[in-house]
2 protein chains.
Amino acid sequence: MIHDVFIVDDDAAMRDALSLLLENNGMNTEVFADGSTFLQACEYQNPGCVLLDMAMPGMNGHEVLTTMNERGLQIPVIFLSGYGDISMAVRAMQLGAIDFLEKPISGAKLIKRLQRALMNDEGRREMQLHIQASRQSYSRLSPREREVMVLVVSGLLNKEIAHKLQLSPRTVEVHRIHVMHKMGVSNIAELVSVAGLCKI
Amino acid sequence: MIHDVFIVDDDAAMRDALSLLLENNGMNTEVFADGSTFLQACEYQNPGCVLLDMAMPGMNGHEVLTTMNERGLQIPVIFLSGYGDISMAVRAMQLGAIDFLEKPISGAKLIKRLQRALMNDEGRREMQLHIQASRQSYSRLSPREREVMVLVVSGLLNKEIAHKLQLSPRTVEVHRIHVMHKMGVSNIAELVSVAGLCKI
DNA sequence: CAAGATATTGGTACTGATACTAAGTAGAGA
DNA sequence: TCTCTACTTAGTATCAGTACCAATATCTTG
């Protein structure tokens, strides 16, 4: 399995050392000197992980992670901080980081904690790809179809949906069929499941 | 809203001080001198929170939280530690603690962080009660009804279920009706939803 | 303007689910 | 042994959903 590790650190020597270490351990690495560059360029294809420095000019690590959360970028984040305290670490974890390490750190320890994060991501990725596909299908529905879908998923009969939307039952039936086709499911059970997965 | 705060600390003076502070702020408190006593006696009725000391004779804080996780005890945990370092805090957060505070701490700050945890728990509790009710309904199904239910939820037709279980379609129909009644739902959409909630 | 997507409504026929009633068998427990 | 529960099967009638068919109006886009 190929893993992509994104290294975000303002210290060039640190970037090079980390990149070298991880490439020698069979990982792909991409390096970024600051948070906003990373946020623009991050192409999250393979299961991976972010090694994020806390203190950087421009956006600091917390801000980068907050932005990632806002954008729904769910790749796991490990903080690497030169001078941190407990409250900084706790805040990082509360924002959703999966680990927080102090520099300097031994190569062996870093690799070990990184492996844990990558394992974590592998399982999550599969589910995520599935969810993403469902979201995409949902986005291809017309507005009316979406309205019908949420009512179908909530358990209403076509008749009730028709009344609620001021439509003829026929129309609802047609929309319903379209929804099933576009969402790629063949029965209500599956439709409810995928709707639940992508939290519609 | 009444809140229960469980204080687990081996230092009697600390227990008293915390209890006094929180009671004066309108919370119910229960104090425990060690982890195992707490684990035995914890009656989690109202939305609440645990203030957990890290260094204690017998079980330490990490062990208490680990045991809580194993038992599915989902009340939020705030660690209060006298001498901790980043790695200890990070491990605590990875185990699922929602906060990690250092002693000594000001009353105002403690109350503030505690309020956050309690708010968090209020929302979670409602969902939790709902899930628990569904689990109970599910436990009241007969073995055959459970088999039928999982197949219904997975989207199979009665005919297919009958074939899979070597039954007559009639029998499946009856089980299906019983499942709907016992689970307290009136259509497949609701059934799939509650099944998804309690991860059946 | 023409083409295509969207929203709307209708018909017919088939399949599946539900509600009702009814009943036989088998095993556990009083 | 009797009872209770679970499991099994059956008939009938009704209602809901699906798969075909087809048509009209609106609105955006090329």
Side-chain angles (χ1 to χ4, degrees), chain A residues 130 132-200, chain B residues 130 132-200:
Chain A
H130 195 229
Q132 215 159 16
S134 302
R135 287 240 177 84
Q136 206 158 28
S137 299
Y138 184 72
S139 75
R140 275 195 289 267
L141 298 183
S142 71
R144 207 46 150 175
E145 287 163 350
R146 261 172 248 184
E147 285 183 288
V148 171
M149 172 164 161
V150 300
L151 295 175
V152 167
V153 165
S154 78
L156 297 185
L157 301 176
N158 287 345
K159 237 189 277 184
E160 300 169 312
I161 298 171
H163 182 257
K164 212 174 247 264
L165 298 180
Q166 295 288 320
L167 293 175
S168 128
R170 301 285 176 181
T171 312
V172 177
E173 277 179 38
V174 175
H175 288 314
R176 185 185 185 122
I177 306 275
H178 289 164
V179 167
M180 304 291 272
H181 286 159
K182 289 191 184 178
M183 295 301 291
V185 297
S186 54
N187 54 58
I188 310 125
E190 287 180 51
L191 186 68
V192 175
S193 294
V194 304
L197 269 185
C198 40
K199 292 171 195 65
I200 292 165
Chain B
H130 195 232
Q132 217 158 15
S134 301
R135 288 237 177 86
Q136 207 157 29
S137 299
Y138 183 72
S139 73
R140 275 195 288 268
L141 298 183
S142 73
R144 208 45 149 176
E145 286 164 352
R146 262 171 247 184
E147 286 183 286
V148 171
M149 173 166 161
V150 300
L151 295 174
V152 168
V153 166
S154 78
L156 297 184
L157 300 178
N158 286 347
K159 237 190 276 183
E160 301 169 311
I161 297 172
H163 182 257
K164 214 174 244 265
L165 299 181
Q166 294 289 318
L167 291 175
S168 129
R170 299 285 175 177
T171 312
V172 176
E173 279 179 37
V174 175
H175 287 315
R176 185 185 185 121
I177 306 275
H178 289 164
V179 167
M180 303 292 272
H181 286 160
K182 290 192 184 178
M183 295 300 292
V185 298
S186 54
N187 54 58
I188 309 125
E190 287 180 51
L191 186 68
V192 176
S193 294
V194 303
L197 270 186
C198 39
K199 293 171 195 65
I200 293 168

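First the proteins, then the strands, lettered A, B, ... as listed; each starts at 1.
The main-chain N or O of B:Gly155 is found under 3.5 Å from a side-chain atom of A:Asn187 such that the two form a donor-acceptor pair.
Note that CE of B:Met183 is 11.0 Å distant from CD of B:Gln136, once rounded to the nearest 0.5 Å. In this structure, CD on B:Gln132 lies 11.0 Å from SG on B:Cys198, to the nearest 0.5 angstrom. In this structure, CD on B:Glu145 lies 11.5 Å from NE2 on B:His181, to the nearest 0.5 angstrom. Remark: A:Glu160 CD to A:His163 NE2 distance equals 10.0 Å, nearest 0.5 Å. Taking CE from A:Met149 and CG from A:Leu191, the interatomic distance works out to 4.5 Å, rounded to the nearest 0.5 Å.
For DNA chain C, the residues of residues 160-168 of chain A within the heavy-atom distance limit of 4.0 Å (strictly under) are A:Leu167, A:Ser168, sorted by number.
A:Leu141 and A:Arg146 make their closest contact through O-NH2, 2.7 Å (heavy atoms, listed as atom of the first residue, atom of the second, distance). Across A:Ile161 and A:Val148, no two heavy atoms sit closer than the pair CD1-O, 4.3 Å. Considering every non-hydrogen atom in both A:Ser137 and A:Lys182, the closest pair reads CB-O, 3.6 Å. Of all non-hydrogen atoms in B:Ser134 and B:Val194, the two that sit nearest each other are OG-CB, 4.1 Å. Closest heavy-atom contact between A:Ser168 and A:Ala162: C-CB, 3.9 Å. Between A:Ala189 and B:Val152, the shortest heavy-atom distance links the atoms CB-O, 3.9 Å.
For A:Pro143, counting side-chain heavy atoms from C-beta on, the closest listed nucleotide (D:dT12, C:dT6, D:dA19) is C:dT6. Relative to the side chain of A:Ser142, the nucleotides C:dT9, D:dT18, C:dA7 differ in distance, and C:dA7 lies closest.
For A:His181 and D:dA19, the NE2 to P distance is 5 Å, given to the nearest whole Å. What separates CG of A:Leu191 from C1' of D:dG17 is a distance of 13 Å, to the nearest Å. Atom CG in B:Leu141 sits roughly 16 Å away from atom P in D:dT5 (whole-Å rounding). Atom CD of B:Glu145 and atom P of D:dT5 are 13 Å apart (whole Å). As rounded to whole Å, 13 Å separates atom C1' of D:dT5 from atom NE2 of B:His175. Regarding A:Met180, its CE atom lies at a distance of 13 Å from the C1' atom of D:dA16, rounded to whole Å.
Heavy-atom distances to DNA chain C give each of A:Lys182 and A:Thr171 a nearest nucleotide, and the one nearer the 5′ end belongs to A:Lys182.
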*A:Arg176 and A:Ile188: side-chain contact (heavy atoms from CB on, under 4.5 Å), yes or no, with the steps?*
CA-CA 10 Å; A:Arg176 185 185 185 122; A:Ile188 310 125; 3.6 Å; yes
*Could you go through the side-chain contact (heavy atoms from CB on, under 4.5 Å) check for A:Leu165 and A:Leu151 one step at a time?*
CA-CA 10 Å; A:Leu165 298 180; A:Leu151 295 175; 4.0 Å; yes
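With axes fitted over five pairs at each extremity, the angle between the ends of the helix from C:dC1-D:dG30 to C:dA30-D:dT1 is 40° (10° resolution).
Taking B:Glu147 as the reference, B:Arg144 meet the salt bridge (charged side-chain N to carboxylate O under 4.0 Å, His left out) condition, with sequence neighbours excluded.
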Tabulated below should be each protein N or O lying under 3.5 Å from an N or O of nucleotides 14-17 of chain C; please produce it.
residue	atom	partner	partner atom	Å
C:dG16	OP1	B:Lys159	NZ	3.2
C:dG16	OP2	B:Lys159	NZ	3.0
C:dA17	OP2	B:Asn158	ND2	3.4

Can you name the atoms? Protein N/O to nucleotides 20-23 of chain D N/O, anything below 3.5 Å, with the distance.
none

Where do N or O atoms of nucleotides 24-30 of chain D meet protein N or O atoms at under 3.5 Å, pair by pair?
none

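Among the protein residues, A:Arg170 comes within range of the nucleic acid bases, having at least one heavy atom under 4.0 Å from a base atom.
A close approach under 4.0 Å does not occur between any side-chain nitrogen or oxygen of B:His178 and OP1 or OP2 of D:dA6.
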